[in-house]
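In this chain, residues are counted from 1 in sequence order.
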Amino acid sequence: MSCFNEEVYEVIREIPYGSVVTYGQIARLVGKPQCSRMVGRAMFHAPESLHSFCHRVINSQGRLVPGWDEQRSLLEKEGITFKKNGCVDLKKHNWKDVAELSKTYK
């Protein structure tokens, strides 16, 4: 497993219940702001022990993972709300500590 993936998984473990974070935010937190697609790849290969956190990662528009129908219901169980267009309401549910954590993970 790569060092990059390990850093991504470290961040994912910290996402609190009822919050979401974007691939790009994770990339910035690990000091690789241009690597949001690599975050997605790391998520695809996440170990089973992280599966209970992965649903909290979404794209920058609040869209869910295509083809992962269970993601929406998992988020709704945590109180995450969606806009009429089906995207997560990032203003309400984006992880509040992302900006503060970016200092820690650089």
Side-chain angles (χ1 to χ4, degrees):
M1 188 173 316
S2 76
C3 183
F4 178 83
N5 286 11
E6 280 301 320
E7 290 180 57
V8 168
Y9 301 152
E10 197 174 311
V11 172
I12 292 166
R13 284 184 193 94
E14 300 295 324
I15 305 169
Y17 183 93
S19 295
V20 295
V21 67
T22 70
Y23 298 102
Q25 288 172 324
I26 292 172
R28 285 191 296 280
L29 287 173
V30 299
K32 304 269 188 195
Q34 71 284 8
C35 295
S36 56
R37 288 183 185 263
M38 285 179 61
V39 171
R41 203 169 311 129
M43 296 294 299
F44 182 77
H45 296 289
E48 194 171 324
S49 62
L50 289 176
H51 288 187
S52 60
F53 302 98
C54 290
H55 65 283
R56 298 178 185 146
V57 181
I58 58 176
N59 83 3
S60 62
Q61 285 81 45
R63 290 191 198 116
L64 305 180
V65 175
W68 186 14
D69 299 329
E70 186 182 20
Q71 186 179 17
R72 183 179 177 118
S73 64
L74 290 169
L75 290 171
E76 287 176 333
K77 286 177 186 174
E78 294 189 15
I80 302 293
T81 57
F82 293 79
K83 298 184 207 176
K84 290 179 183 178
N85 65 3
C87 293
V88 170
D89 190 337
L90 282 167
K91 288 183 181 180
K92 287 184 183 177
H93 304 292
N94 195 231
W95 185 12
K96 304 295 184 229
D97 294 335
V98 164
E100 188 60 36
L101 279 173
S102 65
K103 298 173 190 170
T104 305
Y105 288 101
K106 283 190 177 178

Inset, instruction - May I ask you to list the residues sharing a hydrophobic cluster with Phe82, side-chain cutoff 4.5 Å, ordered by chain and number? - result: Val20, Ile58, Leu64, Leu75, Ile80, Val88, Leu90

Inset, instruction - Supply the atom-to-atom distance Glu7 CD to Asn5 CG, rounded to the nearest 0.5 angstrom. - result: 9.5 Å

Legend entry - Shortest non-hydrogen contact from His93 toward Gly79: CE1-O, 3.4 Å

Inset, instruction - Would you indicate whether the side-chain heavy atoms of Trp68 and Leu74 approach each other to under 4.5 Å? - result: yes

Inset, instruction - Could you tell me whether Arg37 atom CZ has more than 12 heavy atoms of other residues or ligands within 6.0 Å of it? - result: no

Legend entry - Spatial distance of atom NE2 (His55) from atom OG (Ser73) [nearest 0.5 Å]: 9.0 Å

Legend entry - Nearest heavy atoms of Val30 and Phe4, plus distance in Å: CG2-CE1, 3.7 Å

Inset, instruction - Measure the CD1-SG distance between Ile26 and Cys35 for me, rounded to the nearest 0.5 Å. - result: 13.0 Å

Legend entry - Val57 to Ile15 - nearest heavy-atom pair and separation: CG2-CD1, 3.9 Å

Inset, instruction - Would you name the heavy atoms of Ser36 and Ala27 that are closest together and state the gap between them? - result: N-CB, 3.8 Å

Inset, instruction - Any pair with a residue in residues 50-73 that passes salt bridge (charged side-chain N to carboxylate O under 4.0 Å, His left out), sequence neighbours left out, goes on the list, sorted by first then second residue, please. - result: Arg56-Glu78, Arg72-Glu76

Legend entry - Between OG on residue Ser2 and CE on residue Met38, distance to nearest 0.5 Å: 6.5 Å

Inset, instruction - Examine the side chains of Gln25 and Asn94 and answer whether a donor and an acceptor come within less than 3.5 Å of each other. - result: yes

Legend entry - Spatial distance of atom CD (Gln61) from atom OG1 (Thr22) [nearest 0.5 Å]: 9.5 Å

Inset, instruction - Quick one: pull up CE in Met43 and OH in Tyr9 and give me the separation to the nearest 0.5 Å. - result: 8.0 Å

